[in-house]
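Both ligands and their constituent atoms are indexed starting at 1 by order of listing. What you see below is based on every heavy atom in this structure, not just the backbone, and it leaves out hydrogens, waters and symmetry mates. Please read all numbers here as calculations on a predicted model, not as lab measurements.
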Amino acid sequence: MIRLSEHLLLGTEQQYIADALSQDHIAGGGKYFRLCNAFLERETGAACVRMTTSGTDALEAAALLCGVQPGDEVIMPSFTFTSTANAFVLRGAKIVFVDIRPDTMNIDETKIEDAITGKTKAIVPVHYAGVACEMDEICAIAKRHGLFLIEDAAQGMFARYKGRSLGTIGDVGCYSFHETKNFTMGEGGALLVNDPSMRERADVICEKGTNRSEFTRGLVEKYGWTDVGSSFLPSELNTAYLFSQLEQADRVREKRNRIWNKYDRAMRELEKNGALETMRVPPHCEHNAHIYYIKVASAQKRAELTRYLAERQIVAAFHYVPLHSAPAGRLYGRFHGEDVYTTRESDRLLRLPLHFNLTETDTDAVIDAVRGFFKT
Ligand SMILES: *Cc1c(COP(=O)(O)O)cnc(C)c1O
């Protein structure tokens, strides 16, 4: 059986977790918390990275940091995971969905400005499949209207836009280390705080509303409740687990890229015959081989291909059901403008298996099966 995704396990995780367990403290904020923060700061160029308990929690921390309140509106694509919206719904905001671009499946930057009202507080671009949104245009819109810009870069670690790491371009960026992502700690995430004026408060929000981080740095004599906040620091067991993988990041990235490129070469051949469409990565975007998807003619065709692959022990899957058509999406959000591409394009999209454990034989089998389907 060739699975869609398998969690990354390099074999060194247990040793790092054992070391974490031998420390005096295993709660958040220790040695491995600092090592992961520093690694990500160095890798991305972000001035301030804080590990969190999940990507969802990084988004919730971002919503608190930007002071999103009841009555506010937050603009995002509908083709995304529930957490992108929930983080702001939890603060009482209304979600305003705008259409995506058919090429990258990312928010259509040309449709954002029309969705802005006097209540708009923030724009949340989602870098789907680790392919960047058009950030120059989106940054300019946010600036022009005085809006917060929060990047959902849950899938975007190690991906770049015009040379800049995803998650470092907006006021705040959010990463995920869920088991389905390129690097994992089971459940986990990171908050990238790019706006210097938000940094102190980010620590307070992540540390249960206390100024404990000032206390640990010796800046105050005792710490107490200074603001709203939650318990967003991951335990040392989880950050140790992730850190062991980050140290071997090059090896993981090389392998994923190799699989992605192999799929792309083969699928481009099929594209020439009009069988399918391949993933589009604009030349100024550097992806991270998080997902490889193809698009077929219709939802019907996709169901047939999925079944054909399943019969050959290969798991391929569609992705998000657009949020605006989900029950909670109808309750907490509205779609601004016309849904030209969101539903149509998400109905045609199929992800091929992509994970570190895939062998050459596996990828060949997937490619042969897709070819076989289009020959019949
Ligand atoms: C994975 C993901 C999240 C949520 O991250 P968790 O770590 O699972 O909480 C949010 N947004 C997007 C786009 C994701 O892919």
Side-chain angles (χ1 to χ4, degrees), residues 4-8 28 36 40 49-64 74-90 95 97-98 100 104-107 122-133 135 138 149-159 161 166-167 169-170 172-192 206 230-235 238-239 241-242 245-246 256 279 287-293 317-324 326 328-329 333 342 346 349 351 354-355:
L4 180 72
S5 170
E6 284 181 14
H7 68 269
L8 181 63
C36 286
L40 293 174
V49 176
R50 292 291 180 266
M51 294 302 299
T52 60
T53 33
S54 67
T56 300
D57 285 340
L59 286 159
E60 289 180 20
L64 283 165
V74 176
I75 296 174
M76 65 181 64
S78 172
F79 182 71
T80 185
F81 188 57
T82 57
S83 296
T84 320
N86 270 327
F88 302 93
V89 170
L90 281 167
I95 308 301
F97 298 112
V98 305
I100 55 169
T104 57
M105 304 299 286
N106 285 334
I107 192 164
I123 306 172
V124 188
V126 179
H127 305 296
Y128 181 67
V131 176
C133 300
M135 294 308 288
I138 298 173
L149 185 52
I150 299 160
E151 295 176 75
D152 182 340
Q155 301 176 9
M157 202 177 87
F158 290 119
Y161 170 79
L166 302 191
I169 303 164
V172 186
C174 304
Y175 282 174
S176 166
F177 299 107
H178 184 259
E179 66 165 22
T180 52
K181 304 303 202 270
N182 291 14
F183 297 87
T184 188
M185 49 200 268
E187 295 275 4
L191 182 69
L192 287 75
C206 292
S230 191
S231 182
F232 290 144
L233 296 197
S235 95
N238 296 76
T239 43
Y241 165 13
L242 179 73
Q245 298 188 350
L246 293 179
R256 292 192 76 107
M279 224 175 123
H287 70 84
N288 59 357
H290 176 55
I291 284 173
Y292 192 85
Y293 67 76
F318 55 87
H319 220 163
Y320 314 115
V321 172
L323 296 184
H324 73 283
T342 301
S346 57
L349 182 148
R351 291 176 290 157
L354 180 48
H355 54 81

Against heavy atoms of Ser176, which atoms of ligand 1 measure under 4.0 Å? 1 (C), 5 (O), 6 (P), 7 (O), 8 (O)

Regarding Gln155 and His127, is there a side-chain donor-to-acceptor distance under 3.5 Å anywhere? no

Do the side-chain N and O atoms of Asn86 and Ser83 include a donor-acceptor pair separated by under 3.5 angstrom? no

In terms of residue, atom name and distance, what is the protein heavy atom nearest to atom 15 (O) of ligand 1? Gln155 NE2, 2.9 Å

Out of the candidates Tyr293, Tyr128, Phe81, only one should pair with His319 under the ring-ring contact (aromatic ring centres under 6.0 Å, His included) rule; please name it. Tyr128

Quiz question: by atom type and distance under 3.5 Å, do the side chains of Ser176 and His178 form a donor-acceptor pair? no

Per-atom contacts of ligand 1 with Gly188, taking only distances under 4.0 Å to non-hydrogen atoms: 7 (O)

So which heavy atom in the protein is nearest atom 11 (N) of ligand 1, and how far is it from that ligand atom? Asp152 OD2, 2.8 Å

Subset of ligand 1 atoms that lie under 4.0 Å from at least one heavy atom of Val126: 13 (C)

For atom 9 (O) of ligand 1, which protein heavy atom lies nearest, and how many Å away is it? Thr56 OG1, 2.5 Å

Are Phe79 and Phe97 an aromatic pair, judged by ring center distance below 6.0 Å? no

Is it true that the side chains of Asp57 and Thr52 contain a donor and an acceptor less than 3.5 Å apart? no

Using a 4.0 Å heavy-atom threshold (strictly under), name the region of Asp57 that reaches ligand 1: side chain, backbone, both or neither. neither

For ligand 1, which atoms have a heavy atom of Gly55 less than 4.0 angstrom away? 5 (O), 6 (P), 7 (O), 9 (O)

Within ligand 1, which atoms have a heavy atom of Ala154 less than 4.0 Å away? 2 (C), 3 (C), 10 (C), 11 (N), 12 (C), 14 (C), 15 (O)

The option among Phe81, Tyr128, Phe79 carrying the non-hydrogen atom nearest to atom 3 (C) of ligand 1 is Phe81

Evaluate the side-chain proximity of Leu191 to Val172: yes if any heavy-atom separation is below 4.5 Å, no if none is. yes

Leu59 CG to Leu64 CG distance, which is reported to the nearest 0.5 Å: 11.5 Å

Within a distance under 4.0 Å of any heavy atom of Tyr320, pick out the atoms of ligand 1 and give their elements. 13 (C), 15 (O)

Part of Tyr175 with heavy atoms under 4.0 Å of ligand 1, whether side chain, backbone, both or neither: neither

What is the minimum heavy-atom distance between Tyr292 and Leu354, and which atoms define it? N-CD2, 3.7 Å

Proximity winner for atom 2 (C) of ligand 1, if only heavy atoms of His178, Lys181, Glu179 are counted: Lys181

